[in-house]
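Bear in mind the structure is a predicted one, so any value in this text is a computation, not a measurement.
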Amino acid sequence: MMPECAAPMSAAGADRMAALPAIATRVNFLYFQQSEVGATVRIGGRLGSDCRLTTTDGGVLTVLADAESLPAAGFPPDSFVEVDVELWDDAVKMTHMPQLRELFAPMA
């Protein structure tokens, strides 16, 4: 059973992500906090049954979404695709380093 999270809002599923005007910047909790309101970001972590996302660098975000927008039966809470957390976090940090940022910028 999927959790019923706080207030319903539009979620960015794969079809909605394709329609976004900007390419989502990969962030961890640190860079999420530094992002502008309304910025398109992609963040990795583990979504608990309490609708809290624990990010790869240990931050915690409350996910505000309706149950229909949360992952389908193939991804129940607490069992998302496993990734190397340290690798993800290091990659995110590299994309934000001034001397490497242009290597990760989308090509126009």
Find the distance between CZ (R42) and OG1 (T25) and round it off to the nearest 0.5 Å. 9.5 Å
Tell me whether L61 is reachable from V92 by hopping between hydrophobic residues (I, L, V, M, F, W, Y) whose side-chain heavy atoms are closer than 4.5 Å. yes
Minimum side-chain heavy-atom gap L53-V60 below 4.5 Å: no
Is it the case that the side chain of H96 and the backbone of R26 share a donor-acceptor pair, with hydrogens and angles ignored and the cut-off at 3.5 Å? yes
Where the side chain of T55 meets the backbone of G59, is there a donor-acceptor pair that is under 3.5 Å apart? yes
Transitive ILVMFWY side-chain link M94 to L103, under 4.5 Å: yes
Is the number of heavy atoms from other residues, nucleotides or ligands within 6.0 Å of CD (Q33) greater than 12? yes
Say whether W88 and F29 are linked into one hydrophobic cluster, either directly or through other cluster members, by side-chain heavy-atom distances under 4.5 angstrom. yes
Decide yes or no for V63 and L47: does some side-chain heavy atom of the first lie under 4.5 Å from some side-chain heavy atom of the second? yes
Counting heavy atoms not belonging to E102, are there more than 12 under 6.0 Å from its CD? no
Between N28 (side chain only) and Y31 (backbone N and O only), is there a donor and an acceptor less than 3.5 Å apart? yes
Salt bridge (charged side-chain N to carboxylate O under 4.0 Å, His left out) filter on D57, not counting sequence neighbours, yields none
Roughly how far apart are R52 CZ and T54 OG1, rounded to 0.5 Å? 9.0 Å
Within the structure provided, determine whether D90 and K93 are in side-chain contact (heavy-atom separation under 4.5 Å). yes
Taking the side chain as every heavy atom from C-beta outward, state whether T62 and L64 have any atom pair closer than 4.5 Å. yes
